[in-house]
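Everything on this sheet refers to the single structure shown next.
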Amino acid sequence: MEAERRYRRGQMERVFSRSIMNDRLKKASFDNFLPRTGTEKALRGAKEFVSTFESRETGLLLFGPPGNGKSHLLAAAHHELNRQGFVCLFLDVPQLMKLAKTATRFDSKVTLTDVINGAVSCDLLTLDELGAGALLVDEYKDVLFPIINGRQGKKTNISLNLDLERLEQWLLQDKWGNIIDEEGRLFDRILGSSDIYHNTATSKRREDAIKRMQQG
């Protein structure tokens, strides 16, 4: 089992150079998370996710306003499970799309198949900022659907700023209004494999900026 995990981790890191994660989230932990009104359920759910990881069948879907700690909680879970030896991959979705586009170039050392297989094969995949920007047909067809569909039966954590109704609409059509998920197949798969938490806290980043402005 350990040798197999080392092999999968090596293959994954060849494609992704570890995880696509900003420097702030690389330091995220449950210990340095600041609980605030509205974060209680998401914090409890993230900790429970880690403690029950091997026996559970569902991942987490955290949604709510930007800047209120969703990504921090999922990064904390990612780091803790990674320390326990599980093969974990954390991907910022807009950066994933850029990587996938680069992988289609003739001179790329990494193929789109490598990207999909790496995201599908890990023990835990975290998709951060799903729903950011406008979805393109190729991104849906060649990246999102193969990854999420391929991970049915595995744990996938997701953060998004959209509510569930807006997520369904985001998946339904591309940036020009062309229908791409008319039957709601991907939306259905996401809901069916997730425990859903609405983080209702306000933006800590915005509050901190206001404090700095007032102090200045």
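Hydrogens, waters and symmetry mates are skipped; everything else that's a heavy atom, side chains included, is used.
Listed by chain and residue number, Arg105 satisfy the salt bridge (charged side-chain N to carboxylate O under 4.0 Å, His left out) test with Asp107 (two or more places apart in sequence, or in another chain). By the salt bridge (charged side-chain N to carboxylate O under 4.0 Å, His left out) test, Arg185 is found to be paired with no residue, residues two or more places apart in sequence or in another chain being considered. The side-chain hydrogen bond (donor to acceptor under 3.5 Å, both in side chains) test applied to Asp174 returns Asn178, not counting sequence neighbours. Listed by chain and residue number, Phe49, Phe86 satisfy the ring-ring contact (aromatic ring centres under 6.0 Å, His included) test with Phe53 (two or more places apart in sequence, or in another chain).
Salt bridge Glu40/Arg44: absent, no basic N to carboxylate O contact under 4.0 Å. Arg5 and Asp123 are joined by a salt bridge, as a carboxylate oxygen and a charged side-chain nitrogen come within less than 4.0 angstrom of each other.
Residues Ile147 and Ile116 come closest through the heavy atom pair CG1-CD1, 3.7 Å. Closest heavy-atom contact between Ala119 and Leu125: O-CD2, 3.8 Å.
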Could you give the side-chain donor-acceptor pairs of residues 162-169 under 3.5 Å, partners two or more places apart or in another chain?
unit_1, atom_1, unit_2, atom_2, d
Asp163, OD1, Glu165, N, 3.3
Asp163, OD1, Arg166, N, 2.8

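The shortest distance between side-chain heavy atoms of Met21 and His79 falls below 4.5 Å.
Summarising the geometry, atom NZ belonging to Lys109 is positioned 14.0 Å from atom OG1 belonging to Thr102; distances are rounded to the nearest 0.5 Å. Between atom CD1 of residue Ile148 and atom NZ of residue Lys154 there is a gap of 14.0 Å, rounded to the nearest 0.5 Å.
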Please determine whether side chain to side chain contact (heavy atoms under 4.5 Å, CB included) holds for the pair Lys141 and Ile180, giving the CA-CA distance in whole Å, both sets of side-chain angles, and the decisive distance to 0.1 Å. CA-CA 8 Å; Lys141 177 171 60 72; Ile180 53 179; over 6 Å; no
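A side-chain hydrogen bond (donor to acceptor under 3.5 Å, both in side chains) check over residues 55-74, counting only residues at least two apart or in different chains, returns the pairs Asn32-His72, Thr52-Arg56, Arg56-Thr58, Arg56-Asp195, Thr58-Asp195, Asn68-Lys70, Asn68-Asn199, Lys70-Asn161, Ser71-Asp128.
Two different hydrophobic clusters hold Leu172 and Leu144 under the rule that ILVMFWY side chains link at heavy-atom gaps under 4.5 Å. Linking Ile, Leu, Val, Met, Phe, Trp and Tyr residues whenever their side-chain heavy atoms come within less than 4.5 Å leaves Leu186 and Leu136 in two separate clusters.
Side chains of Thr156 and Arg151: a donor-acceptor N/O pair is present below 3.5 angstrom, by distance only.
Between Phe90 and His78, the ring planes are perpendicular. Angles over 60° get that label, and only those under 30° would be called parallel.
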